[in-house]
Amino acid sequence: MEVTAVATQGRYGSHDWVSAYMLLYSDTGRVWKQYRHEDIVGRLVGNMNSDSVVHHKLSHSIRTRFLRFVPLGWNPSGRVGLRVEVYGCAYKSFVADFDGRSSLLYRFNQKSMSTVKDVISLRFKSRQAEGVLLHGEGQRGDYITLELHRGRLALHLNLGDGRTVVTLGSLLDDQHWHSVLIERFNKQVNFTLDRQTQHFRTKGDGDSLEVDYELSFGGIPLPGKPGTFLRRNFHGCVENLYYNGVNIIDLAKRRKPQIYSVGNVTFSCSEPQLVAATFLSSSSSFLSLPAPLPTLEGLSVRLQFRTWNPDGLLLSSQLASDYEPRYLLLQISSGRLRLTHQTSSLKTSEVSTGKLVIIKTKRPLLYTLLGCPVAHNDSSCMNPTMAFQGCVRLILINNQPMDLMLIQQGIMGRWNQLQFDMCGIQDRCLPNFCENGGRCSQTWSTFSCDCAGIGYSGATCHNSIYEASCESYRLVGSTSGYFSIDPDGSGPLGPIQVYCNMTENKVWTVIDHNSTGQVRVRGSTPERIYSSRFDYGASPEQLGALVAESQYCQQRLTYRCRRSRLFNTWDGVPLSWWLDRSGERKTYWGGFLPGVQQCACSLEENCVDMNFFCNCDADRDSWENDTGILSYKADLPVSGIAIGDTNRLGSEALYSVGPLECSGDKSLWNAASFYEETSYLHFPAFHIEFSFDISFYFKTGAPSGVFLENLGDSGRGPYAPPSAPSAVTFSFDAGDGPAVLSVKSPVPLNDRQWHWVRAERNVKEASLQVDQLPLRFLQAPADAHLRLQLNSQLFVGGTASRQRGFLGCVRALSVNGITLDLDERAKMSPGVTPGCPGHCSSSAGFCHNRGRCVEKSSGYTCDCTHSAYGGPSCKEEVSVSFERGSSVTYTFQEPFSFMQNRTAQASSASSAYPKAREHMALSFLTTQTPAMLLTANTFTQQYLAVILAHNGSLQIWYRLHKERSPSVFSPVSTSLADGLIHRLRLHREGQDVYVQVIPQDHY
C-alpha cells in the first residue's frame, strides 16, 4: 500500500507509552529502510500519556508491504506500550525482474519515431551499481540512455547535434525502490529522481528526439545478436514503467506483439536474502565472531562494506601464539585498504591495496573482530585508528557465511552498537548544500564545504567575499582601481571584474568589453549585414543586477557615417541597429528616447537635413555624426551592433561602443524612518528554507524594539529584536525548538549612530554579527530539521501583533542579496516615512583630514575645500611641482584670526605675545637652496616664514610685532635639501612653538 500518515497512542488504562520511535519499512520484511522526515530527521515524536493520539503526516508517502515501529524512548515510570494506526491507499503494481542478461524491446509501428514531447516514468530496485535501464537511438545521431553508473543515475540525451549528460542520486544499489520521472518538451527537460529534480536545456539546435525501430529496457542489445549487450545491463526490478502513456510491463505481461523479450524476464520481483548491519559508532561499535576451524589454506575473509569515513579499523584477528600476541589488521587509511600482518613484535608487514589480498597462516585464529570496542584494553584488539563506521553485509570466513540474524539473537558471537536488517548510511552531499560551486565532502555524520577559489566563504559557501558595489569599496577607504564586485551579494550570481573610478563627486563603475576601439565598416548590405557582439566578461544576469542596483548608467555609442543610412528606407525597416543586454534589437540611437527610430539631433532639432530624424539618413558624401549617450538602464549594456548600408560607392561607417559606466548604489541609502511603535512595513515571504542571510544598518534612541519578524508553520522565523540597549538578539525555530543568538556591545547601541547587523542561518550553523564585534556562532544539532518553512509576510520594524515596534531608522536591508525597497514601501505605510535624516551623524568618520560631511537626500558627500587632501573621502594628498621663480598665493576671503588678537590690545605696543594659535603641515622634496617653502602675512605686517637656508637647514621666522625684529628658529641643522620627502608639522600657541620633522622612512 501507499502509506501517507501514521498515528500512535499508549496502552489503554496504563502508564505505558512510547515517547519517541523510529519508523522502518520494507518490501520483504528482511531488508529495511528508515523513514526520515525531510530525508534527515529519523526520530519521530511519540506520546506524552496513554490516551492522546499523536498524528504524523509523512512528508513523502512510502510504498511498502511491511512497517516496523522501533521504540526509542518511553515513560520511565512504565513500560513500552503502543497502539498504532496507518493511513494510506491501495497501490497497483506492474513489476518486471531483470536478471542481468535480459531486456524488453518496445518496437514502434513505423520505422522511426520522432517526438518533441516525451514523458517516461518508472520505479526501480537495483542489486548492482551499474546497468542500463533505458536506451533508444536513431540514424541521425539522436539517442536517449538512462543508466546506473557507480550507484548514480545518469541521463544521456542527444537531439542530433549536442550531447547532454545529467546525473542524480547516489547509493542507488541499496535494494530499495527509487522513482524516476523524465519530462521533455523540445529542449527543456525535467529530470526527477525520488524528490530531487534537475531542470536543464539540451545542447545544440535540435528540439526533437528521433528513435529508430525500438526502445530497449534493461540493456542495449547488440544488433543481430539477441542476448548480447553493448554495456552492462540492469540487474534488479522495474515497476510501473510508462513511456508516453504506454504501460510497457503490462504489454509484456500480456505478450503483446509490440514487446519483444530478450532473455529471462519474469513478472515478480525476486528478493535476495542480503541482510546488512550498520556500525553506528566510531568508538564502540563492534561485531565479534567465533574463530573458524583451521584449514590448510589459512584464513579467508570476504565481505562487502560501505562507508564515508576515510579511516577506520575494519577487521582484526588474533593469531594463536605460545609467546607474544600476533594478529592481522585490515583497516581503511586515507580511503585505501591497508592490511597489516604481525608475526612478532619486531616483524610487521603491510600492504596497501584496492585489490583482493590473500594471506595464508598455519596458526589458528582466536577470534575475528569487525570494528573495535572501546572497552577492550587487552591485546585482543589493537586499534591504530578509529573504529569502522558504516555498513557490512555478506560476511564469509573461510567460505562460511555468517548469519547476522543468529548474531542479532545472541546465538552466535557478540556485538555492540549495531543496527541489523538495514544499512543506515546517508549521502549528506545529496542534495548538495554547498552553494556557488562549493565542493562537498562528507563523513558518516556530517559534511563540509570547500570554498577555496570561488569567491565565497562560510560553512556552506553562502557569503560573497566581495563588496556589492564600488560605492561600498569607497566607504571602506579604497581608492580608484580594479575590483571584483558582487551586485547580488549571497545570491546565485557570481562576482564581476570592474574598474572603480572614484572621482571627487561620484564613484563610477566601469566595465569594458572586448571591442572598445573604433571599427570601420564597408561592404555590408541588408542581406549580408555586418554584425559584432561584445563580451563584458559577465553574464546578462550579472550585468542586469549591476545596472538595477545603480542609480544611473550610461554608455557612449559613437557613430560616424558617409553615405550610410540608419533608417531611410521606403518600408520603414531599419538598416542598422544595436542589441540590448538580452539580445533584443533597438533602433533608437544615442541621446534619444527608447521606442522611437530617431537620433539625438532630432530631439535637439539640429539635424543637417530637417527632413530626416538622423544626420546619417541625409545620405551625404561628407562625414556626418550621430554620436550620443545611451542611458536607459533597462537596455544597457549594448551587447551587439548591426550595420547594413555600406556597400554603395563611397559608403562607409565608423563606430565605437564605449564601456558601461554606472554610478550610485541604490541599496546603500534606501531607508525608512519609524516614528510609532505600532508602525511597520511588510513584504512578501521569502523562500529561505535552507539558507538565508539578512543584513541592515540601524540607528535609534529607543532602548528596545523588533527589527523584523517572519512566522511559519513550524514556528518563528528570523526575529531580530534588540533585547537591551547594548544587545541584538537573533532567533528562529525550524522545528527543533527556538535557537537564540545574542551579541552584547560594550557601549549602548541606542546612541543615534549607524550600526550594522548581519544574521545568517544555514543547515550547518547560524551566526550573528554587530558592527565589528566578534562573530557569534551556533552549531545546528545533528539530524535537525533542515527546512525553515515561512508562510507569513515579512514584517520590518514591528510584528504581526504590533507589539514592541522599532523606533528609529533602518537602511540597506537585504535578504539573500535582494535589497528591499524600504523607501518606496514607506510611502504607503502610516507612521513610517521614506529616507532617514542625519546621514552625517555617523558617516563623518569617512571624511578624513578635516573634510566636512555634507548631507544629501540619499547619503552624503565629503567637502575637502578646507583640507589639504582631496578625493571622495579627503584622503588623497594634493601636491604641486614648482619651477624656479614660481609660487602659489592664497588670499583668505574673510577676516581670519591668524597671528592676531581680536581684542583692542592687538595693535598696541604691549610686550606680551598675543595668545593666538596656528597649526600647519606640509610635505616637501627639493635639492635647491636657499628655498622659501611657505610664508604667511597679515595686514598688520605680521608674518611667518618657513625657509631652507644656504646649507639646507630648516629655519622658521616669526614676526608677531612690527616694532621688533623677527624671531628665528633652526629646529633642524642638517640639510633637508637631499631629494627626499620630509613631513613638517608646526604648531604655535602664544609664545610656545612646536615643530616636528618626519623623514621619508617614517612618513
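A side-chain donor-acceptor contact under 3.5 Å links His56 to the backbone of Val45. Trp308 places a side-chain N or O within donor-acceptor distance of the main-chain N or O of Gln426, the cut-off being under 3.5 Å. With Asn309 contributing its side chain and Gly390 its backbone, the two residues share no donor-acceptor pair below 3.5 Å. Between the side chain of Gln389 and the backbone N or O of Leu280 there is at least one donor-acceptor pair closer than 3.5 Å. A donor-acceptor distance shorter than 3.5 angstrom exists from the side chain of Arg439 to the backbone of Ala452, with no hydrogens or angles considered. Judged purely by atom type and a 3.5 angstrom limit, Thr278 uses its side chain to pair as donor or acceptor with the backbone of Gly424. In terms of modelled atom types and a separation under 3.5 Å, the side chain of Asp174 and the main chain of His176 share a donor-acceptor contact. Distance alone, capped at 3.5 Å, places no donor-acceptor pair between the Ser216 side chain and the Leu105 backbone. Proximity of a side-chain donor or acceptor of Asn75 to a complementary backbone N or O of Trp17 within less than 3.5 Å is not detected. The closest donor-acceptor contact from the side chain of Glu130 to the backbone of Arg150 lies under 3.5 Å.
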Residues His178, Leu193; criterion side chain to side chain contact (heavy atoms under 4.5 Å, CB included); working and verdict: CA-CA 7 Å; His178 299 279; Leu193 172 66; 4.1 Å; yes
Side chain to side chain contact (heavy atoms under 4.5 Å, CB included) between Phe69 and Val6, worked out: CA-CA 10 Å; Phe69 293 80; Val6 296; 4.1 Å; yes
From CA spacing to verdict: side chain to side chain contact (heavy atoms under 4.5 Å, CB included), Ile144, Leu155: CA-CA 7 Å; Ile144 179 173; Leu155 174 62; 4.1 Å; yes
Test log, rule side chain to side chain contact (heavy atoms under 4.5 Å, CB included), inputs Ile395 and Leu287: CA-CA 11 Å; Ile395 305 173; Leu287 172 59; 4.1 Å; yes
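With hydrogens and angles left out, the side-chain atoms of Gln304 and Arg393 include a donor and acceptor closer than 3.5 Å. Between the side chains of Tyr87 and Ser61, no donor-acceptor pair is found at a separation under 3.5 Å. No hydrogens or angles considered: a donor-acceptor pair under 3.5 Å links the side chains of Gln442 and Asp427. Remark: the Lys764 side chain and the Thr446 side chain contain an N/O donor-acceptor pair separated by less than 3.5 Å.
Counting heavy atoms from C-beta outward, Leu148 and Gln128 have side chains that stay 4.5 Å or more apart. Counting heavy atoms from C-beta outward, Ile407 and Met412 have side chains that approach closer than 4.5 Å. Within the 4.5 Å cutoff, the side chain of Val80 has no heavy atoms near those of the Asp16 side chain. Here the side chains of Leu133 and Phe217 are not in contact, with every heavy-atom distance at 4.5 Å or above. Two residues are said to be in side-chain contact when any heavy atoms from C-beta on lie closer than 4.5 Å; Phe94 and Leu241 fail this criterion. Taking 4.5 Å as the limit, some side-chain heavy atom of Leu122 sits within range of a side-chain heavy atom of Leu146. Between Ile249 and Val238, the closest side-chain pair of non-hydrogen atoms falls below 4.5 Å. The closest side-chain heavy-atom distance from Arg123 to Cys237 is not below 4.5 Å.
To the nearest 0.5 Å, atom OG of residue Ser170 and atom CZ of residue Arg428 are 12.0 Å apart. Taking CG of Leu215 as the reference point, atom CG of Leu104 lies at 11.5 Å (rounded to 0.5 Å). The structure places CG of Asp250 at 7.5 Å from OH of Tyr242, a figure rounded to the nearest 0.5 Å. Atom OH of Tyr25 is separated from atom CD of Gln34 by 9.5 Å, given to the nearest 0.5 angstrom. For the atom pair CZ of Arg43 and NE2 of His37, the computed distance is 15.5 Å after rounding to the nearest 0.5 Å. The CG atom of Leu153 lies 7.0 Å from the CG atom of Leu168; values are rounded to the nearest 0.5 Å.
A disulfide bridge does not connect Cys429 to Cys434: their SG atoms sit 2.5 Å or farther from one another. Taken as a pair, Cys461 and Cys449 fail the criterion of an SG-SG distance shorter than 2.5 angstrom.
What you find for Asn233 and Gly218 is that their closest heavy atoms are CB-O, 2.8 Å. Shortest non-hydrogen contact noted between Val3 and Leu58 is O-CD1, 3.7 Å. Nearest heavy-atom pair across Val262 and Tyr260 is CG2-CE2, 3.6 Å. Counting all heavy atoms, side chain and backbone alike, Lys57 lies closest to Ala5 at CA-CB, 3.9 Å. Across all non-hydrogen atoms, the minimal contact from Ser284 to Gln417 is OG-CG, 3.5 Å. Heavy atoms only, all atoms of each residue included: Ala276 and Leu404 are closest at C-CD1, 4.0 Å.
In this structure, Phe191 has its ring center no closer than 6.0 Å to that of Phe200. Taking the six-membered ring for Trp and the full ring otherwise, the centers of His156 and His135 sit at least 6.0 Å from each other.
Ring geometry, Tyr35 versus His60: the interplanar angle falls from 30° to 60°, so the pair is classed tilted. The aromatic rings of Phe305 and Phe388 sit perpendicular to each other, their planes meeting at more than 60°, with 30° as the lower class boundary.
A salt bridge links Arg68 and Asp421; the closest N-O separation between the charged side-chain nitrogens and carboxylate oxygens is under 4.0 Å.
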